[in-house]
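What follows is a short report on a single structure.
If you read the sequence from its start, that first residue is 1, and numbering goes on from there. Computed from heavy atoms alone, side chains included, the values below leave out hydrogens, waters and symmetry copies. These numbers were taken from a predicted model, which means no experiment stands behind them.
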Amino acid sequence: MLVAALAVALTLLLLLQFLAAPRPRWNGVEHDRNGHYSYGLKMALALEHGQLITFFSELEKGKTWPPLHGLLVAFTQVLSGNDWRAAVLPGLLGWATLLISVFIVSEQIVARAAPQFVAGSVAFVFAALSPAHRGYAIDFMLESLGSGLTAAVLAAYTFAAEARTSANRWRLLALMLTLLFFEKYNYWLIVALAIAGAEISQQNDFAVRVGACWRLIDWKRLKPWIALLSAFVFVISFLSWRGPTAFDLFGRHVSLYPPGNLVTAAYALLCLCVALEIRRTR
């Protein structure tokens with residue numbers, strides 16, 4: 001609680017420093033921060049005018065940059081009356097999360113070794129003094145919240161690994177990973193591969209476990225889903241080979257290339273199949 005209070009105090013101090021001179025953030029017109037702010041502002045304006053279709057249309061554009069950060073920016077704009085300075089709050093939230101999480105991870109790493117508090121404090125100080133992290137914290141970019149959620153994932157994993165029978169700790173890890181995926185999916189891939197590698201390396205009977213899980217799958221039950229997934233894969237492959245493809249439907253010009261939406265749908269369908277089997281077999 002003391003570390004959390006200190007992180008919040010430092011975050012408020014950084015916010016005050018930003019508010020004293022916010023304009024330098026907008027010196028460059030060709031910068032990603034303009035796109036990040038515009039994405040959130042458009043969703044906020046749609047909500048303020050009750051245009052739900054426009055809101056979801058803007059939300060659907062969150063592919064190259066996932067939608068979590070834009071949604072948080074939209075939330076800050078709705079609450080602040082579209083004050084552009086409030087758009088730094090997600091970054092500041094990420095910085096505070098980073099400070100607390102690196103403290104926790106460092107303490108967990110030296111578990112049973114004395115003194116744990118020293119390890120956490122050293123990590124906390126280095127993270128707080130990092131010029132790059134402070135710079136991103138008062139920007140409109142994705143990196144600050146992305147780094148904070150990355151550290152939060154590692155902290156959640158140390159908690160889960162400490163008590164492997166606690167379902168709630170694994171659920172917390174799953175929640176943190178999901179948030180990170182929708183904030184910055186390349187960060188998610190780094191930690192997901194690292195955690196998967198760590199788990200596999202601890203299990204001498206990993207191949208046996210995989211084989212047992214494979215035999216539990218009810219392929220007959222999944223046959224309709226697999227057929228639909230195969231159709232998606234075929235269409236995506238065909239469009240990738242054919243190139244630009246478009247047609248007119250009910251007076252609207254519909255483009256199927258690049259097949260990004262179809263890839264998203266196929267990925268969601270694959271996740272659904274896995275989720276159905278996990279739920280069935282526990």
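Not a single donor-acceptor pair under 3.5 Å links the side chain of R85 to the backbone N or O of P22. In this structure, S38 contributes its side chain and N34 its backbone to no donor-acceptor pair below 3.5 Å. S166 contributes no side-chain N or O that, together with a main-chain N or O of A163, makes up a donor-acceptor pair within less than 3.5 Å. At least one donor-acceptor pair under 3.5 Å links the side chain of T245 to the backbone N or O of G243. Looking at E277, its side chain never comes within 3.5 Å of a backbone N or O of C273 through a donor-acceptor pair.
Ring geometry, F181 versus Y185: the interplanar angle falls from 30° to 60°, so the pair is classed tilted.
Between Y157 and Q108, the side chains place no donor N or O within less than 3.5 Å of an acceptor N or O (distance only, hydrogens not considered).
W219 and W225 have their aromatic ring centers separated by at least 6.0 angstrom. In this structure, F117 has its ring center under 6.0 Å from that of F103.
Atom CG of N204 is surrounded by 12 or fewer heavy atoms from other residues, nucleotides or ligands within 6.0 Å. Around the CZ atom of R164, the shell of radius 6.0 Å holds more than 12 heavy atoms that belong to other residues, nucleotides or ligands. Within a 6.0 Å sphere centred on NE2 of H49, other residues, nucleotides and ligands contribute 12 heavy atoms or fewer.
When hydrophobic side chains of Ile, Leu, Val, Met, Phe, Trp and Tyr are connected at separations under 4.5 Å, M141 ends up clustered with Y136.
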Problem - Audit row: L173, F159, side chain to side chain contact (heavy atoms under 4.5 Å, CB included) steps and yes/no - result: CA-CA 9 Å; L173 173 61; F159 283 138; over 6 Å; no
Handout entry: Stepwise ring pair (Phe, Tyr, Trp, His ring centres under 6.0 Å) check, H133 with W95
Key = CA-CA 7 Å; H133 281 296; W95 191 62; 8.8 Å; no
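The side-chain hydrogen bond (donor to acceptor under 3.5 Å, both in side chains) contacts involving residues 70-80 comprise Y37-Q77, where partners must be two or more places apart or lie in separate chains.
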